[in-house]
> 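Encoded as structure tokens, here's the structure I'll be asking about.
What you see is a predicted model, and the numbers here were worked out from it, not measured in a lab. Whatever order the structure lists them in is the order used to number ligands and atoms, beginning at 1.
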Amino acid sequence: MHYDVNLKRNVDESYPILVVKSQQEIIDEISQLSYNKYALITDSNVQKLYGRTTLFSMGSVFSFEAGEQNKKIETVLSICEKMQGEGFGRDSLIIALGGGVVGDMAGFAASIYMRGIDYIQIPTTTLAIADSSVGGKTGVDTKYGKNLLGAFKQPIAVYVYPEFCKTLPETEYLNGMAETIKHGMIADASFCDYLEVNREMILKRDVDVLGKVALSNCKIKAGVVEKDPHEKGLRRILNYGHTIGHAIEHISKFKLSHGQAVSIGMAVEGKIACMLGNLEIKSLQRQNKLLSDYGLPIVIPDEFNIDDILEIIKLDKKSKNGLARFSLPCDIGRMSKFDGEWASSAEEPIIRGAISESLSRDGH
Ligand code: ADP
Ligand code: ZN
């Protein structure tokens, strides 16, 4: 005897991304949604900077000590238990206000709280605006690595208020520019033109230009995620620069920021694309100039060892049969399809060659 439980589902997880001109606009939008209680999750830095602004008066504030080292299950658990202590039910809304660390943890809390409640994202870093607030990846780190526990959980809305970027330290601010240039490289040559032409305004943090950049970033990333929500193929292109980038970020013990590591990763992987004959040198040079013009590094610091990098890239999630694979551009704004895999392995001498040419001691 048997019974088939038939749970085939066709779910609609669409949501809007709004660029707003004031905090009040966000509050007005949220107030139109019918939730009983609001839990604003943030970190100590954002609370210090913005704790007296109107957003913080929307509901209870659950703040944790800023820093990636606190992106762990214990922090999520403590927030969830505090919410339960304050009687937050299923009809509550979680508001994630902060950078990627806040967004990942608040989204994860939303995915498990009473088996899942709604949440919205209000990203306050360029990196979170450009990257982590779209795509629905949430989670925490464990002692074995980054983002090893988590869930796919889409927010019900994302509100981008570019003014928040004004208080970011310079390196944090530039961090998001690496992912921004990556987006131009993988999908939109005209966006690369825009980044070249409007560099001064972007570096000055002009809020109107930042709003436009934010929207282009979201459109490009969302366009990819829509076609491949669970990372089966196309979504790998978002990983451009990240095979090498993650390895050197890891080896540097996170002294290099994610944006700096990805920038170097794009320079090395772009080089691999050239060596494989997929990309013209002049396109690589244009990419590298764009990265450097935004104050991002394109050479690997001296103390790095090629063998360490080669060892770590084999562990990358795109690896197949123990071989590292790379998502590679074939032009500005276009990636190589590689039989629908959107990633390709490369012979070790090529990877070694590309890395060694990118080491600063070689004078490149
Ligand atoms: P990400 O760069 O991945 O978005 P974090 O969430 O770690 O990562 O944010 C980076 C740092 O910037 C953290 O120390 C955070 O507290 C701080 N921060 C977040 N938003 C702002 C802001 N608008 N102004 C200043 N600092 C901020
Ligand atoms: Zn990234």
> Just which atoms of ligand 1 are under 4.0 Å from any heavy atom in Thr125?
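In order of numbering, the contacting atoms are 1 (P), 4 (O), 9 (O), 19 (C), 20 (N).
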
> Considering heavy atoms of the protein only, find what lies nearest to atom 23 (N) of ligand 1 and give residue, atom and distance to 0.1 Å.
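I find the closest protein heavy atom is Phe164 O, 2.9 Å.
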
> Salt bridge check: are Lys153 and Asp104 linked by an N-O gap of less than 4.0 Å?
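Salt bridge absent between Lys153 and Asp104.
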
> Is the shortest side-chain heavy-atom distance between Ile313 and Phe326 below 4.5 Å?
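They are in side-chain contact.
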
> Record the part of Thr167 in heavy-atom contact with ligand 1 below 4.0 Å; permitted values are side chain, backbone, both and neither.
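Looking at Thr167 and ligand 1, atoms from backbone and side chain both fall under 4.0 Å.
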
> Show which atoms of ligand 1 fall inside a sub-4.0 Å distance from at least one heavy-atom site of Ala66.
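Those qualifying, in numeric order: 16 (O).
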
> Check for me whether Glu68 has a heavy atom closer than 4.0 Å to any atom of ligand 1.
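Contact check Glu68 vs ligand 1: negative.
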
> Suppose I only count heavy atoms of Leu127 and a 4.0 Å limit; which atoms of ligand 1 are within that range?
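What qualifies from ligand 1 is 1 (P), 2 (O), 3 (O).
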
> Strictly below 4.0 Å, N to O, side chains only: are Glu303 and Lys255 in salt-bridge contact?
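No.
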
> Ion pair present between Arg286 and Asp331, side-chain N to carboxylate O less than 4.0 angstrom?
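Asp331 and Arg286: not salt-bridged.
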
> Which of the atoms of ligand 1 are close to Val46, meaning less than 4.0 Å from one of its heavy atoms?
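Per the distance check, 19 (C), 20 (N).
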
> Taking both backbone and side chain into account, is any N, O or S atom of Asp131 nearer than 2.8 Å to the Zn ion (ligand 2)?
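No, Asp131 does not qualify, because none of its backbone or side-chain N, O or S atoms lies under 2.8 Å.
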
> Numbering the atoms of ligand 1 from 1, which are under 4.0 Å from a heavy atom of Leu49?
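The atoms of ligand 1 under 4.0 Å from a heavy atom of Leu49 are 24 (N), 25 (C), 26 (N).
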
> For Lys146, does the NZ atom have more than 12 heavy-atom neighbours from other residues, nucleotides or ligands under 6.0 Å away?
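Correct, the count exceeds 12.
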
> Tell me: protein heavy atom nearest atom 7 (O) of ligand 1, and distance?
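Atom 7 (O) of ligand 1 sits closest to the protein heavy atom Val101 CG2, 3.3 Å.
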
> In terms of residue, atom name and distance, what is the protein heavy atom nearest to atom 21 (C) of ligand 1?
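In this structure, atom 21 (C) of ligand 1 has Leu168 CD2, 3.5 Å as its nearest protein heavy atom.
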
> Report the nearest protein non-hydrogen atom to atom 15 (C) of ligand 1: residue, atom name, distance rounded to 0.1 Å.
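Protein heavy atom with the smallest distance to atom 15 (C) of ligand 1: Asp43 OD2, 3.4 Å.
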
> State whether Phe88 and Lys37 meet the cation-pi test: NZ (Lys) or CZ (Arg) under 6.0 Å from the six-membered ring centroid, and within 45° of the perpendicular axis.
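Lys37 over Phe88 ring: yes.
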
> Looking only at protein heavy atoms, which one is nearest to atom 8 (O) of ligand 1, and how far off is it?
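Sorting protein heavy atoms by distance from atom 8 (O) of ligand 1 puts Gly100 N, 3.6 Å first.
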
> To check your reading of the model: name the closest protein heavy atom to atom 17 (C) of ligand 1, its residue, and the distance in Å.
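In this structure, atom 17 (C) of ligand 1 has Asn45 ND2, 4.1 Å as its nearest protein heavy atom.
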
> May I have the step-by-step check of side chain to side chain donor-acceptor pair (under 3.5 Å) for Gln32 and Asp28, ending in yes or no?
CA-CA 7 Å; Gln32 284 175 24; Asp28 293 344; over 6 Å; no

> Counting non-hydrogen protein atoms only, what is the nearest one to atom 20 (N) of ligand 1? Give residue, atom name and distance.
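For atom 20 (N) of ligand 1, the nearest protein heavy atom comes out as Thr124 OG1, 2.7 Å.
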
> Salt bridge check: are Lys282 and Glu280 linked by an N-O gap of less than 4.0 Å?
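The answer is yes: the pair qualifies as a salt bridge.
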
> Can you tell me the N, O or S atom of Glu179 that's nearest the Zn ion (ligand 2)?
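It is OE2, the N, O or S atom of Glu179 closest to the Zn ion (ligand 2).
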
> What I want to find out is whether Glu226 reaches Lys219 closely enough, with some N-O distance under 4.0 Å, to be called a salt bridge.
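No.
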
> Run the salt-bridge test on Glu179 and Lys221 with the 4.0 Å N-O cut-off and return the result as yes or no.
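Answer for the salt bridge query: no.
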
> For Glu172, take its heavy atoms, then give the atoms of ligand 1 lying under 4.0 Å from any of them.
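Selected atoms, number and element: 2 (O), 10 (C), 11 (C).
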
> Is it true that atom CE of Met275 has more than 12 heavy atoms of other residues, nucleotides or ligands lying nearer than 6.0 Å?
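Yes - once you tally the heavy atoms of other residues, nucleotides and ligands closer than 6.0 Å, there are more than 12.
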
